[in-house]
Enquirer: 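Encoded as structure tokens, here's the structure I'll be asking about.
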Amino acid sequence: MPDHEAGAETDPPEQDVLSAAADQRVEAENKRKTLAFNVSHILVSLLLLWFMTVQMLGLLFFAKGFLLTRLVLDSKSDCRLLPDGTTITTENGCWHPKSFEKAIVIIIDALRYDFTVPSHAAPSDRAPGYYLDNLPFLYDTASKSPANAILTPFIADPPTTTLQRLKGLTTGTLPVFIDAGSNFAGTDIEEDNLVAQLRAAGKTVVHLGDDTWHALFPGYFDANLTHAYDSFNVWDLHTVDNGVIQHIMPLLEHSRQSSWDVIFGHFLGVDHAGHRYGPNHPAMADKLRQMNGVISDIANGIDSETLLVVMGDHGMDTKGDHGGESDDEVEAALWMYSKAPRFGRTDPAHVYPPSTAKERTVGQIDLVSTLSLLLGLPIPYNNLGTPIPEAFIGPNNNGWENLAAAELLALGQVQNYQTQYSKARDLGTNEAQQESHRRLLESVRASGKDKWQKVHQHYQQWHAETIGMYRRLWANFDLTDMVCGVIISAMALVALAIFSRLSTGDKANVLPQLLRSIGLGVGAGVITGPVLGVAFPEYFTAIRGCVFGAAAGGPMSFFASLWQQRTGLSQHLKPSLWGAMMFFFCISQAAGFAANSYTIHEDTILLFFLSSFGVVAIMSSLRQASNSDRILGTYQSVVFTILTRLASYSRLCREEQMPGCRSTFYASSTSSTSAPWQLLIPLIIALFLPEIVKAFYQGTASWAGSSGLWIAFGFRMGLALVATYWVLDAANNGEWLANLLSPSALMTINITIARLALAVALPVGIAIFVWAKPCIDITLNQGARMPTAKGDSRPQIVILGYANAFGSRFFFLIPILVVATCLLLPPMGQFSLAICTWQILCLLEILDTNSLTITEVSNSSVGPVMLAMLGSYHFFKTGHQAAMAAVQWNSAFVALRTVQYPWTPLLVMLNTFGAQILCAAAVPLVVLWKRPISRDGLRGIWSDVANAALSHMLYYATIQLATTLWAGHLRRHLMLYRVFMPRFLMASGVLLVVDFTLIFVALPGARVTGLSVGEVFGY
């Protein structure tokens, strides 16, 4: 053996020592790059989190001044003191002789007035349906025994959500819009109310049914007799109703033993049937027939000293939803019944019961004063309602003095309220109200046969003027807070625009200095904030000044820091044709929200914009120099345009679009369930969507690694479970398997399947995404050998999927969201979301073939803006609208039996904003799709991802600020509550949801992808 060979076994050659040292240097350099990559992720996340915080503060400032509130007075009406201060002692009531000893108040949630009117008396424009002729008892008794029963339309004040209606029904106050957000998180009512007055009078009050009452009146009800049930499960039609029936009938049997004085029974089956099926469904007929029998039994079981009241707290629209202010939503029913003749009519010439709500109506706030006086209680202090005349005029229709006495008591109570409110808010009276009050006083002082009838007439005029004044008063806005909110939001928007669109260079490098400047600005704003309170005490308090200073100080320091790095801004001031088109799309949308017609037809406008983009993409692709780019770009552009048009066939029309719009989202415009043929959609999606994704992976040779496991198997399995769930749900709705499985067993099976689908999407999908290797396949090509430095050769290494290692790896995140969101959407919603997923892939190929992908040298806005527009478009196509009634509350119970926080609101939020969340999560793909692997490793990725995320956020921030400005400017517009305010609230909610998705989903996904690819390629 030669000496040098022997020595090789004992002493390493010098080149091996150098090689080991080089490996150590490479390893150290890779660790440094990985650390820098992780730090960049943290810095970008902090920047986006700061933007989100500033936007939230701007929103809160504006909302505080814009979402109307009223001052709640703490005063209570006293049984011993009349409104004029006179002391009174009587055994037969407080202010007015009582007519009844006991009362049963039945609330049938969502009992629309026409549900109680027979078909022969229904309005001619009302189409026949299952909701007609199933609740005849109310109409028959009111028409045959007018002295014993009253049936009238019961007009609710919007918003028509249960919590706000219960507040109005028990306090007699007018609602303000800000209360709409608390429908599922109600707090107890602290102001004077009917239930509190019953308790103060020593009455035993019982509650049965909807547990919302216990959130409003904790501790007010007799604990031994009260039974509350969960109110939010809209898929459960029977539990609450059966529970009320089970406990109310025994109470009637023991009524003579005075175990109770007042019973509040709240049925929910009619409301839940509407939400689940719509009013025109056999389930609605069943619930109405059940209510008809229950009311008949209760009426037969009471004595002549008990008042029976049946009412709806609101109505429902043609799909069974509520929350808005359409006629169907505000027209509930009120029926009052006494076995002894006690009721009359102020104008017997009127038709009773009225066939429509246009003839004779009762405001819901009028119930409080009516019940209070009938039961011998004082009228609650904050009440603004008036006694219902039919309850006081007497069975002979001649009790004008009794009616006038009741109305003058209400007059005194309202005047007391008005006096105290004036002291707190400097409230004056208008000339019309003063004149009507003067005439009322003159009629009281006058004498004559018809004196009390004239008192009634003048009182009605005075009350109308007073209510009108308060409606105008509570439509006043705090302009200071609104302007502060606009300023903060505008500063955040300008900062976003400058940094995302005009700032050049590696953003990750400037972030440390930028964040330090922001921190100094926030600190300086907090310190100097109290100065605003001193300098402008009429506008700012010390706390408000600190918050405003912190919110505004950050952007100001941000601008100052950017000014120091202003080089290179000018080259971006002249956008390309693509950039100009994106700018036009965004600005024209922002300007369009000034028109209610534009806002109402926003889905059609987005269809036009997306189709226009597809056409321009086709023309641009045809001009590409590379033949492969020309063919692929044209093909994907055509597919993108066709899919946009195809998605438009999924429609859920809002009321303002009728009759020119035909809904296709459900089986019909009056249904809340899917048509049988629509059940094929989830099955088709489960079969073909994974294959479509696979085709895109194969186009870049990326069908390797975990792609087959996750997309071909896991993704398909999740979608198959989703399809199974919705088939079984339809079977449950249609009772197709009634002979095989009970509804409860079928519900258990369905919830189990839903949870399995979520398990596939979340724990399994997230685990695969975090730990999977890149979608590459490394092989040795023995046929093609490469020479080495030693003169020999080695096999050529072939890496399949190398060209799209980043994009194919990151896309694993998308099926997780698709499966989870599809589970919560009806079949047509899944159809839209599947198209959205396909369009995202088409868009990525269009960007690549037209050189529009965000890179270090190209800060294109096309990808982020088009993803934002896709998300907005498919928000509408998944069955949603910028209206309270369009919220699909039943999604909360796809995988849950009862309300569970925080999961219940998260499920509803994912159902509502699923399309925007999906598109926001896909934003890093406009950077990572087909991104070449640089020799510098991961350098530059975070700068490009930050550009993409900020540009995506910029679109939504522009829409949010525009809707804010127009809502503030049009605050006196007739369509404010119907159109402009809901759109402002939607834009604000979407912005925050998108911000959250970018920070906590998209950016971590980009980090996991970068580290995964870097680990394989050694950096």
Enquirer: State, yes or no, whether a side-chain contact exists between Val310 and Ile298 at a heavy-atom distance under 4.5 Å.
Expert: no

Enquirer: Does one side chain, of Asn890 or His275, offer a donor that lies under 3.5 Å from an acceptor on the other?
Expert: no

Enquirer: Can a side-chain donor-acceptor contact be found between Asn911 and His880 if the only test is distance below 3.5 angstrom?
Expert: yes

Enquirer: Can you sort out the partners of Asn732 under side chain to side chain donor-acceptor pair (under 3.5 Å), two or more places apart, ordered by chain and number?
Expert: none

Enquirer: With rounding to the nearest 0.5 angstrom, report the CG to OG1 distance, Leu683 to Thr724.
Expert: 7.5 Å

Enquirer: For residues Leu216 and His214, determine if any side-chain heavy atom of one lies less than 4.5 Å from a side-chain heavy atom of the other.
Expert: no

Enquirer: Report the relative orientation of the aromatic rings in Trp335 and Tyr337; use parallel for angles under 30°, tilted for 30 to 60°, perpendicular for over 60°.
Expert: parallel

Enquirer: Keeping Lys287 on the side-chain end and Leu237 on the backbone end, is there a donor-acceptor pair under 3.5 Å?
Expert: yes

Enquirer: Just to verify, what does Thr748 make a side chain to side chain donor-acceptor pair (under 3.5 Å) with, not counting sequence neighbours?
Expert: Arg897

Enquirer: Using distance only, find each side-chain donor-acceptor pair of residues 656-664 under 3.5 Å and give its atom names and separation, not counting sequence neighbours.
Expert:
from   : atom 1 : to     : atom 2 : distance (Å)
Glu656 : OE1    : Arg654 : NE     : 2.8
Gln657 : OE1    : Arg654 : N      : 3.2
Gln657 : NE2    : Ile600 : O      : 2.9
Ser663 : OG     : Cys653 : N      : 2.9
Thr664 : OG1    : Tyr649 : O      : 2.4
Thr664 : OG1    : Arg651 : N      : 3.0

Enquirer: Would you confirm whether Glu331, through its side chain, and Phe154, through its main-chain N or O, come within 3.5 Å as a donor-acceptor pair?
Expert: no

Enquirer: Below 4.0 angstrom, N of the basic side chain to O of the carboxylate: do Glu329 and Arg112 qualify?
Expert: no

Enquirer: Is Lys877 reaching over with its side chain to a backbone N or O of Ser650, donor-acceptor style, under 3.5 angstrom?
Expert: yes

Enquirer: For Asp230 and Val240, work out which heavy atoms get closest and say how close.
Expert: O-CG2, 3.5 Å

Enquirer: I need the Leu371 CG to Met336 CE distance, nearest 0.5 Å.
Expert: 5.5 Å

Enquirer: Apply side chain to side chain donor-acceptor pair (under 3.5 Å) to Trp726 and list each qualifying residue two or more places apart in sequence or on a separate chain.
Expert: none

Enquirer: Can you find a heavy atom in the side chain of Met316 that is under 4.5 Å from one in the side chain of Pro279?
Expert: yes

Enquirer: Got a sec, which residues hit side chain to side chain donor-acceptor pair (under 3.5 Å) with Ser648, two or more places apart in sequence or on another chain?
Expert: none

Enquirer: Classify the ring geometry of Tyr229 against His247: parallel below 30°, tilted from 30° to 60°, perpendicular beyond 60°.
Expert: tilted

Enquirer: Taking Val362's backbone N and O only, do any of them form a donor-acceptor pair with Asp366's side chain (distance below 3.5 Å, no angle check)?
Expert: no

Enquirer: Taking the side chain as every heavy atom from C-beta outward, state whether Pro353 and Ser143 have any pair of such atoms under 4.5 Å apart.
Expert: yes

Enquirer: Quick one: CD1 on Ile263 to NE2 on His207, what's the gap to the nearest 0.5 Å?
Expert: 11.5 Å

Enquirer: Under 3.5 Å, is there a donor on one side chain and an acceptor on the other for Thr599 and Asn596?
Expert: no

Enquirer: Measure across Leu833 and Ala915 and return the closest heavy-atom pair with its distance rounded to 0.1 Å.
Expert: CD1-CA, 4.1 Å

Enquirer: What's the verdict on side-chain contact (heavy atoms from CB on, under 4.5 Å) for Tyr139 and Leu151, showing C-alpha distance, side-chain angles and the deciding distance?
Expert: CA-CA 7 Å; Tyr139 183 90; Leu151 176 62; 4.1 Å; yes

Enquirer: Got a donor-acceptor contact below 3.5 angstrom from the Gln364 side chain to the Ile155 backbone?
Expert: no

Enquirer: Considering residues at least two apart in sequence or located in another chain, which fulfil the side chain to side chain contact (heavy atoms under 4.5 Å, CB included) criterion with Thr904?
Expert: Phe232, Ala892, Leu896, Val899, Gln900

Enquirer: Report yes if the side chains of Ile388 and Leu334 come closer than 4.5 Å at any heavy-atom pair, otherwise no.
Expert: yes

Enquirer: For Asp109 and His314, test the side chains for any donor-to-acceptor distance below 3.5 angstrom and give the result as yes or no.
Expert: yes

Enquirer: Is the shortest side-chain heavy-atom distance between Phe831 and Pro826 below 4.5 Å?
Expert: no

Enquirer: Apply side-chain contact (heavy atoms from CB on, under 4.5 Å) to the pair Val819 and Val722, showing each step before the final yes or no.
Expert: CA-CA 7 Å; Val819 173; Val722 170; 4.3 Å; yes

Enquirer: When you look at Thr152 and Tyr113, which way does the side-chain contact (heavy atoms from CB on, under 4.5 Å) test go after all the steps?
Expert: CA-CA 8 Å; Thr152 66; Tyr113 178 71; 5.6 Å; no

Enquirer: Distance from Leu758 atom CG to Leu823 atom CG, nearest 0.5 Å?
Expert: 5.0 Å

Enquirer: Among Thr171, Asp157, Thr173, which one satisfies side-chain contact (heavy atoms from CB on, under 4.5 Å) with Ile365?
Expert: Asp157

Enquirer: Identify the heavy atoms of Tyr220 and Val205 that sit nearest to each other, and give their distance.
Expert: O-CB, 4.2 Å

Enquirer: Between Leu166 and His266, is there a side-chain heavy-atom distance shorter than 4.5 Å?
Expert: yes

Enquirer: In terms of the angle between their ring planes, are Tyr277 and His281 parallel, tilted or perpendicular, with boundaries placed at 30° and 60°?
Expert: parallel

Enquirer: Might you point out which heavy atoms bring Asn292 and Asn134 nearest each other, and give the distance in Å?
Expert: CB-O, 3.6 Å

Enquirer: Quick check against the 3.5 Å criterion: does Asp236 have a side-chain atom that pairs as donor or acceptor with the backbone of His238?
Expert: yes

Enquirer: State the CD1-OH distance between Ile749 and Tyr725, to the nearest 0.5 angstrom.
Expert: 13.0 Å

Enquirer: Show the nearest heavy-atom pair for residues Pro354 and Pro153, with the distance to one decimal.
Expert: CG-CD, 3.4 Å

Enquirer: Locate the shortest heavy-atom distance separating Pro827 from Gln678; write the atom from each residue and the value.
Expert: CB-O, 3.2 Å

Enquirer: Is there side-chain contact between Thr878 and Thr912, with heavy atoms separated by less than 4.5 Å?
Expert: no

Enquirer: side-chain contact (heavy atoms from CB on, under 4.5 Å), that's the test. Do Met311 and Leu111 meet it? Break it down for me.
Expert: CA-CA 7 Å; Met311 60 183 168; Leu111 181 64; over 6 Å; no

Enquirer: Out of curiosity, Leu728 CG to Asn750 CG, how far, rounded to the nearest 0.5 Å?
Expert: 5.0 Å

Enquirer: I'd like to know if the side chain of Ser832 pairs up with that of His874 as donor and acceptor (distance under 3.5 Å, no hydrogens or angles considered).
Expert: yes

